[in-house]
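Encoded as structure tokens, the structure appears first; notes follow it.
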Amino acid sequence: MKHRMCTAAACICLLLMMALPAFAAEYGEPDITPQTTMGEIRSNPSILGAGVWTYSKEQNLPGTEDWCNDQTLEKYVSSYVAQDCADGLNLLIRNYNAGVQIAYKLYSEQEIAEDSSRNNVEFYYYPASTPDAKYALVLSGNIFNRTAELKECISTAYQLHQKGYAVFVMRYRAYPDNDNNGPVEDIARAVKYITGHAQQFGVQTESYALIGYSSGGHLAGLFASDALGYKNYGLPKPGAVILAYPIVQFAEITPIYRVGTDPFVCGRFYYEYSLADLITEDYPPVYFWYGRDDLTLNLLCWPLQGPALSKALAAHGVPYKEVVYDHAAHGISLGRGTAADGWLDEAAAFWEEQTK
């Protein structure tokens, strides 16, 4: 009897040992570098399992996926942010391998059935190292149907994690699914979800930061306003709004958005507002930066961008810090190796000062 039990135990141990490689194969290694190809990143089992979106919509077109997959991460996101992006992806992999849920859909199955574009709305969770942390919701920029969650948000998430914050990387609806103020609704849904699950995420419900890049900065700014923002959804006020090369208004291209997004529909939509016109005395503190040689902002009428926002904030007595670099191009994210290098450190210090 004893011999049989020993034999059975040995067989069980052997089976377990044989099963270990198959089990381990479900997880990827956190070994991404700036020279890792996008194809290798997208085939990493943990990236796949986490459900992280590393594409933009236009890369679903025939022929473009293979071309993008052959690029290195550095080529894909630029040298300005490649190492931070690699670090952010590796942190995400480690979190996933440790059992952390990364991706969260923000609309129910019924809501998605009613409007399939809502299926694209989600965020990616980067937990803080300690409980009861402040959190940031980070929004990338977009050009019509191209978004930059990987380049702008995941790199930012890593750096904020290193400073002790929890971070949620937002994926909101972009063209052609951005009709009827959809992106603003998406941000509200994200803040509502985080607020309702604050204990689960280990975050404070107050004093959060909205961080927005480019057109994502426009959206973050609108959500902080009385007209279109958090008050309309019964949600907590942001502790700070942090904007990198924000688009304050889309004056020259608003007619294109209107025709392409909300034709034959009455009402005024988010892209038709200037953020500067929505500033009130109760607006949250703002940190924002941009470059004088930013071609995008110059093409959109320079005086109506950062300078207009600065005047509005000053006129209404809102605490703010504006940083204007002589040389800082649009879309450089953390801007490593440029005049803007280190701006996120300064922005985080501003956030802390305003919410302590």
Side-chain angles (χ1 to χ4, degrees), residues 34 38 53-59 64 67-68 71-89 136-160 169-172 174-175 178 183 210-221 241-253 256-257 271 275 287-302 304-307 309 322-347:
M38 293 307 300
W53 180 259
T54 56
Y55 296 81
S56 289
K57 283 187 177 180
E58 86 286 351
Q59 288 154 7
T64 57
W67 177 77
C68 291
Q71 295 185 36
T72 64
L73 176 63
E74 183 173 20
K75 178 71 173 178
Y76 188 73
V77 301
S78 84
S79 60
Y80 299 127
V81 73
Q83 186 59 59
D84 297 282
C85 195
D87 291 337
L89 288 169
L137 181 66
V138 188
L139 291 80
S140 78
N142 73 81
I143 303 175
F144 291 105
N145 68 342
R146 182 174 182 175
T147 53
E149 294 91 353
L150 185 62
K151 177 180 181 179
E152 294 173 331
C153 300
I154 285 180
S155 56
T156 302
Y158 176 75
Q159 288 300 324
L160 291 175
V169 170
M170 180 80 204
R171 185 179 170 214
Y172 57 87
Y175 183 83
N178 58 334
L210 290 173
I211 301 180
Y213 287 91
S214 188
S215 52
H218 183 254
L219 286 168
V241 178
I242 299 172
L243 309 176
Y245 39 88
I247 294 178
V248 175
Q249 74 165 30
F250 293 89
E252 284 78 2
I253 61 175
I256 300 174
Y257 261 90
Y271 47 80
L275 178 54
Y287 178 100
F288 68 109
W289 71 269
Y290 53 97
R292 287 191 175 89
D293 59 349
D294 186 319
L295 180 60
T296 299
L297 297 182
N298 277 283
L299 289 174
L300 288 172
C301 188
W302 175 269
L304 300 179
Q305 301 302 326
L309 178 58
E322 175 190 31
V323 182
V324 186
Y325 301 103
D326 289 332
H327 302 291
H330 205 81
I332 61 175
S333 186
L334 297 181
R336 300 302 188 196
T338 74
D341 196 344
W343 72 263
L344 188 60
D345 297 329
E346 192 174 76

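Positions are given from 1 along the sequence.
Rounded to the nearest 0.5 angstrom, Leu309 CG and Gln249 CD are separated by 11.0 Å. Of the inter-residue distances, the one linking Cys68 atom SG with Met38 atom CE reads 8.0 Å to the nearest 0.5 angstrom. Considering CZ of Phe250 and NE2 of His218, their distance stands at 5.5 Å, rounded to 0.5 Å. Between atom CG of residue Leu89 and atom CG of residue Asp84 there is a gap of 11.0 Å, rounded to the nearest 0.5 Å. Between the OG atom of Ser79 and the CG atom of Leu73 there is a distance of 11.0 Å, given to the nearest 0.5 Å. Residue Leu139 holds its CG atom at 13.0 Å from CZ of Arg171, rounded to the nearest 0.5 Å.
Tyr325 places none of its side-chain heavy atoms less than 4.5 Å from the side chain of Thr338. For the pair Tyr287/Val323, a side-chain contact is recorded, criterion being any heavy-atom separation below 4.5 Å from C-beta on. Under the 4.5 Å side-chain criterion, counting only non-hydrogen atoms from C-beta, Phe288 is not in contact with Val241. For the pair Val324 and Arg292, the minimum side-chain heavy-atom distance is below 4.5 Å. Leu243 places a side-chain heavy atom less than 4.5 Å from the side chain of Leu275. Inter-residue side-chain proximity for Ile332 and Ser78 is flagged as unmet; no heavy-atom pair is nearer than 4.5 Å. Leu297 is listed as a side-chain neighbour of Ile247, based on a closest heavy-atom distance under 4.5 Å.
Residues Asp293 and Ala328 come closest through the heavy atom pair OD1-N, 2.9 Å. For Cys153 against Val169, the heavy-atom pair with the smallest separation is CB-CG1, 3.4 Å. Residues Asp294 and His330 approach most closely at OD2-ND1, 2.7 Å, considering heavy atoms. Smallest separation of non-hydrogen atoms from Ala82 and Glu74: CB-CA, 3.7 Å. Taking each heavy atom of Leu334 and Gln159 in turn, the nearest pair found is CD1-CG, 3.8 Å. Taking each heavy atom of Pro34 and Thr72 in turn, the nearest pair found is O-CB, 3.6 Å.
For the pair Glu152 (side chain) and Gly141 (backbone), a donor-acceptor distance under 3.5 Å is present. With Tyr172 contributing its side chain and Ser140 its backbone, the two residues share a donor-acceptor pair below 3.5 Å. At distances below 3.5 Å, at least one donor-acceptor pair connects side-chain atoms of Gln305 with backbone N or O atoms of Leu300.
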Please assess Leu160 against Ile211 for the test side-chain contact (heavy atoms from CB on, under 4.5 Å), listing each intermediate value before the final yes or no.
CA-CA 11 Å; Leu160 291 175; Ile211 301 180; 3.6 Å; yes

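Each of Pro183, Ser214, Pro246 was compared with Leu219 under the side-chain contact (heavy atoms from CB on, under 4.5 Å) criterion, and only Pro183 meets it.
Aromatic rings of Trp302 and Tyr290 (six-membered ring for Trp) have centroids within the 6.0 Å cut-off, being under it.
Residues Tyr76 and Thr54 bring no donor and acceptor atom of their side chains to less than 3.5 Å of each other.
Classified by interplanar angle (parallel below 30°, tilted 30° to 60°, perpendicular above 60°), the ring pair Trp343/Trp289 is tilted.
The environment of Tyr80 atom OH is sparse: at most 12 non-hydrogen atoms of other residues, nucleotides or ligands sit within 6.0 angstrom.
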